[in-house]
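One structure is given below, encoded as structure tokens.
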Amino acid sequence: MKKFLNRPEDFVDEMLEGIYRAHPQVTKTADDLRCYVTAHPRPGKVGIVTGGGSGHLPLFLGYVGENMLDGAAVGGVFQSPSSDQILEVTKYVEQGAGVLYIYGNYTGDIMNFDMAGELAEMEDIAVRTVIGNDDVASSIVGEEHKRRGVAGIFFLYKAAGAAAAQMMPLDEVARIAEKARANTRTMGVALSPCIVPEVGKPGFEIGADEMEIGMGIHGEPGISRSKLAPADAVVDQMLDRIFAEESFGAGDAVAVLVNGLGATPLEELYILFRRVSQRFEEAGAAVRNVWLGEFATSMEMAGASISVLRLDAELEPLIAASADTPFFKHVAR
Amino acid sequence: MKKFLNRPEDFVDEMLEGIYRAHPQVTKTADDLRCYVTAHPRPGKVGIVTGGGSGHLPLFLGYVGENMLDGAAVGGVFQSPSSDQILEVTKYVEQGAGVLYIYGNYTGDIMNFDMAGELAEMEDIAVRTVIGNDDVASSIVGEEHKRRGVAGIFFLYKAAGAAAAQMMPLDEVARIAEKARANTRTMGVALSPCIVPEVGKPGFEIGADEMEIGMGIHGEPGISRSKLAPADAVVDQMLDRIFAEESFGAGDAVAVLVNGLGATPLEELYILFRRVSQRFEEAGAAVRNVWLGEFATSMEMAGASISVLRLDAELEPLIAASADTPFFKHVAR
Amino acid sequence: MSLHDLRPLFERLARAFEEKRDELIALDGKVGDSDLGITMAKGFAAARDAVSALGAASPAAQAKHAGAAIAKAAPSTMGTLMGTGFLRGSKAIETAESVGTAELAAFFAAFRDGIAQRGRAKLGDKTVLDVLDPIAAALEAEAARGTAPEPALAHAVEAARDGLEKTRDLVAQHGKAAAFQEKSRGLPDAGGTAALILAEAFHAAFAEAG
Amino acid sequence: MSLHDLRPLFERLARAFEEKRDELIALDGKVGDSDLGITMAKGFAAARDAVSALGAASPAAQAKHAGAAIAKAAPSTMGTLMGTGFLRGSKAIETAESVGTAELAAFFAAFRDGIAQRGRAKLGDKTVLDVLDPIAAALEAEAARGTAPEPALAHAVEAARDGLEKTRDLVAQHGKAAAFQEKSRGLPDAGGTAALILAEAFHAAFAEAG
Ligand SMILES: Nc1ncnc2c1ncn2[C@@H]1O[C@H](COP(=O)(O)OP(=O)(O)O)[C@@H](O)[C@H]1O
Ligand SMILES: Nc1ncnc2c1ncn2[C@@H]1O[C@H](COP(=O)(O)OP(=O)(O)O)[C@@H](O)[C@H]1O
Ligand SMILES: [Mg+2]
Ligand SMILES: [Mg+2]
Ligand SMILES: [Mg+2]
Ligand SMILES: [Mg+2]
């Protein structure tokens, strides 16, 4: 295991210490490093809370900041945070307008967020929940509720964050997040595994010339394992799957996120995007917003994912709004 | 070789195509994909041009944008751009105030930038040059002019870019870049090699439990190869080397860049920064600006570098100014 | 013989899980991470303290504070599930002045349903549900029959013991034990064992109350 | 017999490098990337076209346009170095009305120095410098002696041939050949061969001019 770390069991907390030292815009609450919140909560604004396992930076805490989220409960590597930690974050970000939970579709997270929501309601905090489930590889059409949440959750954060910053009420912010959720689809491809620090070795293997289309960000099995194909063919395989569920044509507009899983160089993401752009061009649809880089990783896993959000007149300005967090900045133009 | 690409010989141009498709703020000049310039040159402003080999994204072209650079000549993977390409970029960004070249200390780059500068002067474009040489591992004190330019060039871009945006004249912008250069020091550590696409296999090896302190971003030999140490000890080895040349104490202020070489997860960079922050805290010096992430990579090489810039009253506001490029955004606070 | 003040119940629960601490650690250790004894002891100690700090209050309020305290003190799977159980059970008896057999039946039905919803496990998945379900069913039947709380709970304990015994034949589908697959066969489920301890403590508390 | 119009010289250079194209390709191919013949032919064809498009102009202006054209058309190491040579040489004869032996000496001294500065190679590093230096030295000596251009250049060509022959014993320290180390020993340097062709073309142009 080639990692920069001290004791594996301190991986998450030392990472958090580094983050707090680097970024005074964020702070901890409840005297718990893992209860990560904005240092500048805005009175009267709907608070948005996320959370989940560590090992996915900038997910999840990276999106806490201006025009996006207000807090994140941080779990161990690939582990859910506790309901208690989620509750503490909830209480901190509650500014009189209620709290929206946005997180990924994983059992441990659901259990703990539900629990925290129940406890928060008992303290008279209104809570709504929207669960990201954008990974089309993880279940067939008709079983979308079983799909995993992966990088596409970024669009939910972006849209809901901008809505909350416009001081929309809780139900509206939740409606926006839900709309972004329903219109986001992601396909991923993995080229190599990653190593959980406390485990010390890869949890699975991918052959030297193989790729796995649809593999989950914790190494959950995908839909096909085959010889690594040329970049254009890989993109085509991924987009064909998305286009089979959602067709895009003239007059349609989308936002696209090409996400690196960790070790894949930015150069390659642009080679992938080149083909993505060609495909939408061929379809006659407009790519209005593009983000490329690492938005949801699995530490040193090599691979990438492509997320597509169908835009409408309501979502488009929210997606395009400025945002400023320690890990993600966007300047509206 | 596990890379997302089509034909290895198209790696650079397809990457560039992807970039132009993604980011309308930038464009090419001279009908050459590799002559990369801002789409919005500012009349009367000193133009800043950089360039160098590909494979280091976001270096070099990633810093072309508002408040930073105006153009970049793009070479093949780890190869210099041609003097002709540099000249074309120079002519495009010349807006009546002259042009500053900022690039790294590599023979091929020097030869071609010098040549381009000579040709530009013949076309009555005033040209100044500042060559980044921040890598303290690559030569001893007294031989600083032989040092390689690595991630610390970011500080030169940032300071000079902000100075140019304030419409300072060419000699002033060059003076600022030179001051940033003289005050920037970097140490790197590599954990694994990278693969040039057209070569198809690693150019060197690093043992399964080894690290190489001081290795260059093209795999140039470093100053020590040893067993991978705990993160804190790695940072101490790197900073001790920097502190031996530049001492920092009470009243001193610095900007710090913790840069991932490619495959190293962001989590680990924060673990490294935690120790960096502790060290400056112990020394009594203030860390005023912090950037963490991938700023100068070697594709999928695992490893990191730490750059330190000593700030003064002139550099500090320039370093802290807002900037907005497709690859780097900073919002002043 | 219905109970109004649940403090003696929570005293007894805390004591019971403290006594069974090492037994649960050993059991969870065989196909899990050995934390169950620790988290249950911590969680129910916290519940006792929360309920005692609350002073006089309705049974529902007492159960609610207990549930929140368990979830907070024991952020493990079973801690979260037990916390959920008490919170949901509390809602089911919200207006009750005291707890008799009907209230016990309503409480455990909501307890079981809450855990089923939260954990998304099915009967037969070798979880705490496979013990909670017989408890709830037994109490429902006794309530329909008009049995008094003490004998009703005695039957519930029997049903729990039975249910737990049957988990030996099952293969774990959830949590850390799921990774052990066939190795989990033959062993009683650790969470189910905690549910049996829960039922026994309820029975003892109502027996003591007379 | 000094020259005012350098167009015949550039005609001849273009022709010479076109003729030696395959020879240079083969030579660079042994310890390099085989591009030298292509880039030199391209570069000097571009120089000829640039100078002819320029029309009547001073020798310095002609050399300057030639240098810029080579650098642009041939962005390889030797293209950049040759371009540099002509640009620097042009500066050294900036005010000259025509080119005699004194101007040739000044031109080639600046040519050599410019390439030395740009490429940072030292004498003995097995580069074009090891041929340019004897050329410049010979011309300097002849200029001091007052020799006419044609015989002066004839001596320079001899010196170049000598210098090139000596590069066989050297091991390449720069560029792609450096990677081949000992394998480069025994072969004449490819860039040096191009310098010899350059000197020969100069000599032929001045011989033709009479
Ligand atoms: N999804 C689930 N639904 C219901 N019960 C579950 C579920 N997952 C695990 N359990 C129960 O939890 C018990 C283990 O509890 P605990 O040790 O707290 O888990 P962990 O250590 O994994 O957090 C199991 O024996 C099983 O009874
Ligand atoms: N740093 C240098 N300084 C001077 N001459 C050099 C230098 N590096 C290479 N050369 C010359 O360039 C020749 C090779 O030229 P060329 O084929 O254009 O190189 P490349 O193909 O590497 O760009 C060598 O034979 C040598 O004479
Ligand atoms: Mg990475
Ligand atoms: Mg990377
Ligand atoms: Mg356990
Ligand atoms: Mg060559």
Side-chain angles (χ1 to χ4, degrees), chain A residues 2-7 11-12 14-19 21-23 25 54-55 57-58 62 66 189 191-192 194 208-209 211 228 230-232 234 258 262-275 277-278 287 290 292-294 297 299-300 302 304 322 324 327 329-331 333, chain B residues 2-7 11-12 14-19 21-23 25 54-55 57-58 62 66 189 191-192 194 208-209 211 228 230-232 234 258 262-275 277-278 287 290 292-294 297 299-300 302 304 322 324 327 329-331 333:
Chain A
K2 276 210 159 171
K3 286 181 191 281
F4 294 120
L5 46 74
N6 295 300
R7 297 189 317 162
F11 181 80
V12 172
E14 291 189 352
M15 164 199 92
L16 284 166
E17 249 192 77
I19 292 175
R21 281 173 174 268
H23 308 297
Q25 310 95 289
S54 288
L57 279 186
E66 272 170 48
V189 54
L191 299 186
S192 77
C194 63
D209 60 348
M211 63 177 176
L228 177 56
D232 288 356
V234 173
V258 179
T264 289
L266 200 42
E267 284 83 0
E268 297 174 32
L269 299 185
Y270 277 96
I271 290 176
L272 295 176
F273 177 70
R274 171 181 166 276
R275 182 66 189 148
S277 166
Q278 287 174 349
V287 178
V290 182
L292 285 114
E294 293 182 356
T297 64
M299 294 180 291
E300 70 277 51
S322 289
D324 181 15
F327 294 78
K329 291 169 203 299
H330 179 69
V331 183
R333 13 187 89 242
Chain B
K2 278 211 160 171
K3 285 182 191 281
F4 294 119
L5 45 75
N6 296 300
R7 296 189 318 160
F11 181 80
V12 172
E14 291 191 351
M15 164 198 91
L16 284 166
E17 250 194 75
I19 292 175
R21 282 173 175 269
H23 308 298
Q25 309 96 289
S54 289
L57 280 186
E66 272 171 51
V189 55
L191 300 186
S192 77
C194 63
D209 60 348
M211 63 176 177
L228 176 56
D232 287 356
V234 174
V258 179
T264 289
L266 199 43
E267 283 83 359
E268 296 173 34
L269 298 185
Y270 277 96
I271 290 176
L272 295 176
F273 176 71
R274 170 180 167 276
R275 182 65 189 151
S277 165
Q278 288 174 349
V287 178
V290 182
L292 285 115
E294 293 181 356
T297 64
M299 293 181 291
E300 69 278 50
S322 288
D324 182 14
F327 295 77
K329 291 168 201 302
H330 178 69
V331 184
R333 16 189 89 241

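A note on names: the letters A, B, ... follow the listed sequences, proteins ahead of strands, and every chain is numbered from 1. All figures in this text were calculated on a predicted structure; none of them were measured in a lab.
For the residue pair A231(B) and N6(A), the shortest heavy atom distance occurs at N-OD1, 3.3 Å. Smallest separation of non-hydrogen atoms from V290(A) and A22(B): CG1-CB, 4.0 Å.
H330(B) meets the ring pair (Phe, Tyr, Trp, His ring centres under 6.0 Å) test with W291(B); sequence neighbours excluded. Taking E300(B) as the reference, K3(B) meet the salt bridge (Lys or Arg N to Asp or Glu O under 4.0 Å) condition, with sequence neighbours excluded.
Between the OG1 atom in T297(A) and the CD atom in E267(B) there is a gap of 5.0 Å [rounded to 0.5 Å]. Rounding to the nearest 0.5 angstrom, the gap separating the CZ atom in R7(B) from the CG atom in D232(A) is 11.5 Å.
Contact of T264(B) with chain A is made through the side chain alone, with heavy-atom distances under 4.5 Å. Only the side chain of V234(B) comes within contact range of chain A, with at least one heavy atom under 4.5 Å from a heavy atom of that chain. Interface residue F11(B): backbone and side-chain heavy atoms are both found under 4.5 Å from chain A. Residue L292(A) touches chain B through its side chain alone, counting heavy-atom pairs closer than 4.5 Å. Only the side chain of L272(A) comes within less than 4.5 Å of a heavy atom in chain B; its backbone stays farther off. Only the side chain of L228(B) comes within contact range of chain A, with at least one heavy atom under 4.5 Å from a heavy atom of that chain. No part of A302(B) comes within reach of chain A, as not one of its non-hydrogen atoms sits under 4.5 angstrom from that chain. Using a 4.5 Å cut-off between heavy atoms, A304(B) touches chain A through backbone and side chain atoms alike. Residue contact with chain A, scored on non-hydrogen atoms closer than 4.5 Å, involves the backbone and the side chain of Q278(B) alike.
Side-chain atoms of K2(A) come within 3.5 Å of backbone N or O of L191(B) as a donor-acceptor pair.
Each of V189(B), I271(B), L269(B) was compared with F4(A) under the side-chain contact (heavy atoms from CB on, under 4.5 Å) criterion, and only V189(B) meets it.
Residues D324(B) and R333(A) form a side-chain contact, since some pair of their non-hydrogen atoms from C-beta on lies under 4.5 Å apart.
Taking E17(B), M211(B), M299(B) one by one and counting their heavy-atom pairs under 4.5 Å with chain A, the maximum is reached by E17(B).
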TODO: Start with the C-alpha gap between Y270(B) and H23(A), add the side-chain angles, then the distance that decides, and say whether ring pair (Phe, Tyr, Trp, His ring centres under 6.0 Å) holds.
DONE: CA-CA 11 Å; Y270(B) 277 96; H23(A) 308 297; 5.6 Å; yes
